[in-house]
Every structure is written in structure tokens, then in C-alpha cells.
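Each remark here refers to the structure printed beneath this line.
A, B, ... follow the sequence lines: proteins, then strands. Residue 1 opens every chain. Everything numeric here is computed off the predicted structure, so don't read it as measured data.
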Amino acid sequence: MNGKKYKLYPLKLNHLFTRAYRKGKSYGSSTMVLYVLSGRDRDRTLLGITVSKKRGKAVVRNRVKRHLREAYRYYLPNLKNGKLIVIVAKQPAVDADFTVIRDELGYLLGKATLLEDSK
RNA sequence: CCACCACUCCAGACAGUCGCGCGGAUGCGGGCAACCGCAAAAGUGAGGAAAGUCCGGGCUCCGCAGAGCAGGAUAACAGAUAACGUCUGCCGAAGGUGACUUCAGGGCCAGUGCAACAGAGAGAUACCGCCGCGUUUUUCGCGGUAAGGGUGGAAAGGCGAGGUAAGAGCUCACCGGCGUGCAGGAGACUGCACGGCCAUGUAAACCCUAUCCGGAGCAACACCCACCGAAGCGUUUUAAGCUUGCUCGGCAGCUUCACGGGUGGCAAAGAGGCGUGCGGCGACGUACGUCCAAGAUAGAUGACUGUCCAAUACAGAACCCGGCUUACAGAAGUGAUGGGCAA
RNA sequence: GCGGGUGUAGUUCAAUGGUAGAAUUCCAGCCUUCCAAGCUGGCCGUGCGGGUCCGAUUCCCGUCACCCGCU
């Protein structure tokens, strides 16, 4: 961590979500789908998380969102800047263990070449 | 000890590292302005159901809710409450050996409707049968009858006696229902006496009776900065629009399309919790003392490690309260009931 | 968050409180050299749990699922 703070910037605007779905490259695994697009801001990478109401009730959706956010935070120090990332949770993510979600997210981020020199 | 009943309470704890929302001492920067951005110390951060949105309020606006009709809700009685469809007590009914539990529990003796099929007949009857008379070999015809058979969820109030050709509330006793009177009770109701009458079921069928209800909802609404668009109707009687579904009455604006941002509302404090005293069978009221810090706006609680533990179920605040209903792993406690054993 | 609506056969729809029906699908048979079409027959049920009623798709309560409108 070497003392430096890495802040998580949320992606909130609807049109950015729509653009990520339409124009972004997608990478899938069993628990989630990753949409990646180059953003306008060079210094920040924005993260949006989507958990559909079909996945469960409020408690379930919140838990999935927290797991995804925490997993994202785990890779944050090695992440490239200037991207838009949208993570869509799939049904198996509801019952998945956190370590599984973390490993799959790492696999997808590597596949999308978003990680700088992996330590 | 076993079984069962009622009620109360908890909803994993502690430590460490990283992370999130609110908060902003303080510092830096931006904007014409409202204000915004960045860093950040202290402090602080979901529930008993936060849920379903089924009721009742607060609050806000429309508006002046003014009249009538329609419509909706509730339903023994008395109380509690801001209010309620909630709660308490009590009456009645049903269940349980019992502690106790459950009940949409007003009115078909106001009126109307419906009761399929079966059955002779569903508030109106005679199929079989019984009895009498005529005929007479049986049979058949006429009359009487509702005790018996059969059908049905329900069949002329039930049962016994008298009575009769056979029978029948035809008469009588008891019971049930209704009415009147008297007594008790705050009342529902209970008890007793007398009396006409027998009156099927269904009001979660229409309906009647009593009581209550203006409409919309924080995406309400107010303010600030920017923008000040288009079309249609109306301001003239009508028509159209809004006001409640309709009529009268009222309003001067209304409808459709297009369309930025921020602040307040909104959060530490109220019909608040706990304790004690007093009043009340109780719901609850009252006096005193004491306690209280979520406030997001794509929406904050997670990850890892260790210890303890019987174990973590149902589940995430979105203007705020009082209830109801539904979901739920378990843990703890209090009181009562029935049975067994021992003293 | 608020307001409103709908659940009937695999599908699209009916049904005054009185045996849940039609079309289509599917299956079997007939017809045909075979297939299609046609003809005949059959299978398939009221979202779920209670209540009222003699009897509930229908009436009442609860619950679940789905859909629509309002930023």
C-alpha cells in the first residue's frame, strides 16, 4: 500500500452506463460480466455496479454489491486509469464466496489488460 | 421430572488491520451567483419486523369540503387513545381435564331475491302410506291427514301426554324463539312471571339500522440560480378544464408535448424510551427523576485474522409516528395448568 | 417510495354461487404409396392458504407472482 490512498470513484450517470453497454468491450465469467470503455477523464477510473432486482431482495443485492466493491478495491492499486468499468452481477454471484468473486474479478481484469505490471 | 398455556426479553460478543456514509474543528482551490470541489481531527452509523402497504393519524398543498345523491368503511356492550378496522375489560357462542384459546358476533317477526340436482312438495305441497265413505273379487273414485317411508344441507319447532276414524299446537307440561312486565347490572345480558304466535336457510345476496369518511400525497410542497419554449381550449351565454363519481354551487385559468441544477422539507427531542410513586381489574392516565446524536439520494456496515460461543434465522431506514398482517435460527427469564414420583 | 391492475388447459380466451367450456397444441386411430389437409376419439385446470355457504373460478381475508403509471 506504501501509504498512498486509492479512492474508489463511482459511476452514477445513466448515459454512461448505457454507453458502456453499447460500445464497451465485454468479458464474462460465471458470476459476473465486465464492460470496459475508455473514459473522458484520464486520471480516474469510474466503477459502476449493476445488480438486477431479479437477483434477490434488498439485503441480497446489497451484499453482492459490497462483495464486488470490496473485490474491486483489492485490485485498485494495480489498476490502469482513465477507464469506465461496469460490473453486472449474474445469478451465481448471489451464493458465491467472496474469495471466488475476488479471483474471478482478477481473472477478468487481467483478460481485459487493465492491470499494470502484476506483482 | 414430563407435557402444555400465557407473557417478557435478546437478535452474536470482544480485539486488531484495511475500507464506506454522515459529520465537519482546520487548511487549500474554484464560481457572476446560489454555492461547489479536494484533504481532514473528534464524534457517529439499520430492524423486531426497517418488509407487505392493510388501517389510523401528524405534516403539506389543492381548496373553502357549502348542499344533495351515489360510494366506501365499521358492526354485541362499556371503556382506552391524537385516531383506528388497534388495545383492554366484560357478555354471548365454540373448543380444551385444565391453565387458557378462538369468533366479520347487528337485523331474514321491514321488503325483495336465491335455494342447482334430487324430491310429491323448498312457506308452498299429498308420491307411497294411514283413516273414513262409495263401489267392490282385486281394483278404482271421492274426502280427511302430516304420525311413518323416501329425497335433500334444510321438510311445517323438539319431545312426552291427552285427544282422534286416522291425525294434527287441536289442547296441556317442559324446552327453543318472539313480545310485555318485574328484579339485578353502567351496559351487552341474566333470572322470574304472563301472553299471542310457530316464524326454513342465506344479509362475506340486494338491502335496512347505527356510527364515521373533502381530495391528493414528501415524486406533497417552499425557496434560490439559470431558462423564459411550442401547440390546443377557455376567460363572451354555451362547450371544454379544475374542484369528488354525479347534480347544483364555486374557480380563472387548464390540458398535451418539450425540459437544467441546487437548498430546504429532513433528523438530537417526541402523541419518545426506562425507573419509581399515585389512580384504575386492565388498556391507560398522571407526577418526579433519568436517558437519547442514522439521515443516504444509483442510495452508506464489507474483507481478513484471533478468542469466546449452543447458534446466526428472517431480513436493509428513505418525511415521521400508532397499530395490524406476514417471514424467522435459536437463546434466556417470569407466572400459571395437568400428570407422575418423593417427602 | 407512492398509486393502480391482473392471475382459469402447453398457448389465446369464455363461464348468474349449482357437473369449468371453445379454438389451438399434444397423443392415438381412420384416410393416403408417404406427408400435409380432413374426419373421429382422448389427455391436459381455476397462483397458494384460510373463511362464509348445503355447495366457491365466482363472495370475504391473508399471501405469492407478474404487469402498468408517477422522477
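G261(B) takes the anti form, because its glycosidic angle lies more than 90° either side of 0. Regarding the sugar-base torsion, G51(C) falls in the anti class, its angle being beyond 90° of 0. Classification of A46(B) as syn follows from a glycosidic angle within 90° of 0. Within 90° of 0 lies the glycosidic angle of U138(B), which makes this nucleotide syn. G280(B) has its base anti relative to the sugar, with a glycosidic angle deviating from 0 by more than 90°.
Nucleotide U202(B) forms a Watson-Crick or G-U wobble pair with G113(B), both donor-acceptor distances falling under 3.5 Å. Under the Watson-Crick and G-U wobble criteria, each requiring two contacts below 3.5 Å, nucleotide A165(B) is left unpaired. Under the Watson-Crick or G-U wobble criterion, with both distances below 3.5 Å, C20(B) is paired with G45(B). Across all strands shown, C87(B) is found opposite G79(B) as a Watson-Crick or G-U wobble partner, with both distances under 3.5 Å. With both pairing distances under 3.5 Å, C14(B) is matched to G306(B) as a Watson-Crick or G-U wobble pair.
Helical stems in RNA chain C, defined as runs of 3 or more consecutive Watson-Crick or G-U wobble pairs with both donor-acceptor distances under 3.5 Å, are listed by first residue as C:1-7 with C:64-70, C:10-13 with C:21-24, C:26-30 with C:38-42, C:47-51 with C:59-63.
Under the 4.5 Å side-chain criterion, counting only non-hydrogen atoms from C-beta, L79(A) is in contact with L76(A).
Taking every side-chain heavy atom of R69(A) into account, A300(B) is the closest of C304(B), A300(B), G19(B).
Taken together through direct or relayed side-chain contacts under 4.5 Å among Ile, Leu, Val, Met, Phe, Trp and Tyr, Y27(A) and L114(A) form part of one hydrophobic cluster. No path of Ile, Leu, Val, Met, Phe, Trp and Tyr side chains, each step under 4.5 Å between heavy atoms, connects F98(A) with L47(A), placing them in separate hydrophobic clusters.
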Look for any protein N or O under 3.5 Å of an N or O in nucleotides 314-320 of chain B and output each such pair with its distance, or none.
residue: G316(B); atom: OP2; partner: V59(A); partner atom: N; Å: 3.3
residue: G316(B); atom: N7; partner: N62(A); partner atom: ND2; Å: 3.4
residue: G316(B); atom: N7; partner: R66(A); partner atom: NH2; Å: 3.4
residue: G316(B); atom: O6; partner: R66(A); partner atom: NH1; Å: 2.9

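Distance check on atom P: U325(B) versus U74(B) gives 16 Å, rounded to whole Å. Atom name P, nucleotides C20(B) and C288(B): the rounded distance is 49 Å, in whole Å. Annotation: A99(B) and A3(B) have their C1' atoms spaced 13 Å apart (nearest Å).
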